[in-house]
Amino acid sequence: MTAQRLLFFAVATTATSLLLGCAAAPPQDATETTATEATLHHEVPPGELDEYYAFFSGGQSGEVRVAGFPSMRVLKRIPVWNLDSATGWGITNESKAMLDGMVTGDTHHVHPSYADGTYDGKWLFVNDKANNRLARIRIDTLEVDATLNIPHTQGTHGVFPQRAPTTEWVVLNSEFRSPFENEGEGDMLDASSYGGVHTIVDAESMEIAGQVTTPVNLDLAATDYSGRYSFATSYNSEGGATISEMLAADRDYLVVFDWQRIKAALASGDYRTVDGIPVLDGSEGTGLTAYIPVPKNPHGVNVSPDGNYAVVCGKVSPTVSVIDINILADVFAGTIDPADAVVAEPEVGLGPLHTTYDGRGNAYTSLFIDSQIVKWNIQRAIDLQASPQEGETPVVDRLDVHYQVGHTMASMAETKDADGRYLLSLNKISKDRFLNVGPLKPENDQLVDISGEQMVLLADHAAYVEPHDVTIVRRDLIEDKVVHRVRLEDHPDAVTQSSVERIGNRVIARMTATAPVFGLQEVEVNEGDEVTFIVTNTDEIPDLAHGFALSNYGIQFIVAPFETKSVTFIADKPGVHWIYCTTFCHALHLEMRMRLVVRAR
Ligand code: CUK
Ligand code: CUA
Ligand code: CA
């Protein structure tokens, strides 16, 4: 048993009456799984393209990674909340305007926008758990185009776009119960006044449409396929501030938000306004929410591709809870008890965290403690709940993964077009699966063929810490939407003629970059001047980028074809400083440089 496993056990067993150790179903005969032949392959031969795009959250890196799938070749790292000196993210004026001075972030969940329950190829949305922000990435450029601070929240974790009819709203959950107006007043150690927040963001304007407050914390998020509900798991229904307090109750909640009622309250002005944001009370009994009891400290909530079920993982319970979305209307109407929306609670194994789907009625749940993906049949689970049969289980197959799996995701599984071909197991720990690289080892994203009755492991892929989640999107939904170059006029300051302008002690150098020359050969300024360089890459050939590195000033960025980027700095280092192109653009690339001359005062 690993240290990690022991720790999880210690937490789970000391603070709970549930006896997890007895609850595990034994793995099936391992030879059964290995005997099955894979029908899919992960190799993509030279010259051929992948079938899917995979969008990974980058975790502590604060970025989003784009990979070809199933090859898992990383094609692009999209800087979001991080400093990226290659692209100049966090250095250029354009990116600084979106980063609010903070160049660290913790991205956990990245989800594309939708139309009619499948991806529409417009945007990706990604959270920053550390600094409570939401970013929007344009799919046509695969670059961030808008960010938003989410006030009144901490641990902004679960994020999910509306799935139908189109993504008008994006919801975010705040995992850490906190003071709503967190301004250092009152008895801050009294956690009873803290709460959770379900934030609704307008996807188009990237403004907050409203915030629904709850007494409990709100962790993972999902939306339904009809555009009526959003979901949040809550593991801290106790309102605790310590781990033992948060583990005190046997059950916590799946909180359901009714958008019909929320829209009606927003329209009728039935809310208070705080910092310009409509704030609605989502406590039990207000009618905006339903609190469905589920076993102890749930984690993931995932909606089946047919739109019928929300599956909640138990985390410290060996079960998952199946919630029938079609009877939620009766829960909100008050004709049935919230607990009756749970139609099955199959036992799947230890440490269930997240669930994904094959579109054929099967669910695949990740088991952190057991280090397994467990495949189980949803209808079978419901039938067995209604009439239990001795020795019968909805579990179809188990696959050992290496090791400690967090998220798992199947191809297109977050859409109505789930195709049941590939599954990815995002394992937190790789141990000895790769060459040793010191104390911080890579994670292991394992590719699994789920096209048959049994799961077959296809490949291990090392991943730099810590991609929590991934969405796997059919190539035809993305590829045609992505442009080869932007339009020159997309940037208001794009230049086709180079010039230097001086206004008092401000210097603005506007210049083109065309292989292998910058439009200016030298710029002379005085020490202490505020200098702005605006650089337009006027090479229109796709894939021909130029770089701008200013020696000794910590400034560099890449400008792709027809892009314009700018940087502003104080010329506080006198002397001659070479500016050079950083990307090998031409046979005379090394000669593509110019001087910044800073005269000492
Ligand atoms: S959480 Cu990371 S394993 Cu942030 Cu989606 Cu579950
Ligand atoms: Cu331009 Cu190298
Ligand atoms: Ca709890």
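When a ligand or atom number is given, it counts from 1 through the structure's own listing order.
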With a cut-off of 2.8 Å, which protein N/O/S atoms are close to atom 1 (Cu) of ligand 2, if we only count those under it?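 The answer is H546 ND1, C581 SG, C585 SG, M592 SD.
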Interfacing atoms of ligand 1 (cut-off 4.0 Å, heavy-atom, H109):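 Listed by number with element: 1 (S), 4 (Cu), 5 (Cu).
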Could you tell me, atom by atom, which parts of ligand 1 come under 4.0 Å of a heavy atom of H299?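 Those qualifying, in numeric order: 1 (S), 6 (Cu).
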Please tell me if the side chains of Y235 and K315 come closer than 4.5 Å, counting only heavy atoms from C-beta onward.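 Yes, side chains in contact.
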If you measure from the Lys or Arg side-chain nitrogens to the Asp or Glu carboxylate oxygens, is any gap between [X] and [Y] under 4.0 Å?
X: K296; Y: E238; result: no
X: E591; Y: R593; result: no
X: R485; Y: E563; result: no
X: E466; Y: K428; result: yes
X: K129; Y: D106; result: no

Among all protein heavy atoms, pick out the one at the shortest distance from atom 2 (Cu) of ligand 1; state its residue, atom name and that distance to 0.1 Å.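 Checked against all protein heavy atoms, atom 2 (Cu) of ligand 1 sits closest to H468 ND1, 2.0 Å.
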Below 30° counts as parallel, above 60° as perpendicular, anything between as tilted: where do the rings of F125 and W123 land?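 Ring orientation, 0 to 90° scale: perpendicular.
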Check the orientation of Y422 and Y52. Use parallel for under 30°, tilted for 30 to 60°, and perpendicular for over 60°.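 The arrangement is perpendicular - the two ring planes meet at more than 60°.
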Atom CZ of R77 with >12 non-hydrogen neighbours under 6.0 angstrom: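 Not more than 12 within 6.0 Å, no.
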May I ask you to check whether over 12 heavy atoms, not counting those of D190, lie within 6.0 Å of atom CG?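 Enclosed: over 12 neighbouring heavy atoms sit under 6.0 Å from CG of D190.
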Any heavy atom of L220 sitting closer than 4.0 Å to ligand 1?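 Yes.
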Would you call K428 a ligand 1 contact, heavy-atom distance under 4.0 Å?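 Yes, K428 has heavy atoms under 4.0 Å from ligand 1.
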Quick one: which of W578, Y553, Y580, F557 gives a ring-ring contact (aromatic ring centres under 6.0 Å, His included) with F548?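 Going through W578, Y553, Y580, F557 one by one, the ring-ring contact (aromatic ring centres under 6.0 Å, His included) with F548 is satisfied by F557 alone.
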Do H407 and H354 have ring centroids that are under 6.0 Å from one another?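 Yes; H407 has its ring centre under 6.0 Å from that of H354.
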Ring centre gap for F231 and F257 strictly below 6.0 Å: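 Here the rings of F257 and F231 have centres that are no less than 6.0 Å from each other.
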What's within reach of the Ca ion (ligand 3), meaning protein N/O/S atoms under 3.0 Å?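 Protein N/O/S atoms under 3.0 Å of the Ca ion (ligand 3): Y235 O, E238 OE1, E238 OE2, M246 O, D252 OD1, D252 OD2, N297 OD1.
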N/O/S of H407 less than 2.8 Å from atom 5 (Cu) of ligand 1?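 So H407 does bind atom 5 (Cu) of ligand 1 by this criterion.
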H157 and ligand 1 - part of the residue with a heavy-atom distance under 4.0 Å: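 Within the 4.0 Å criterion, H157 contacts ligand 1 through side-chain atoms alone.
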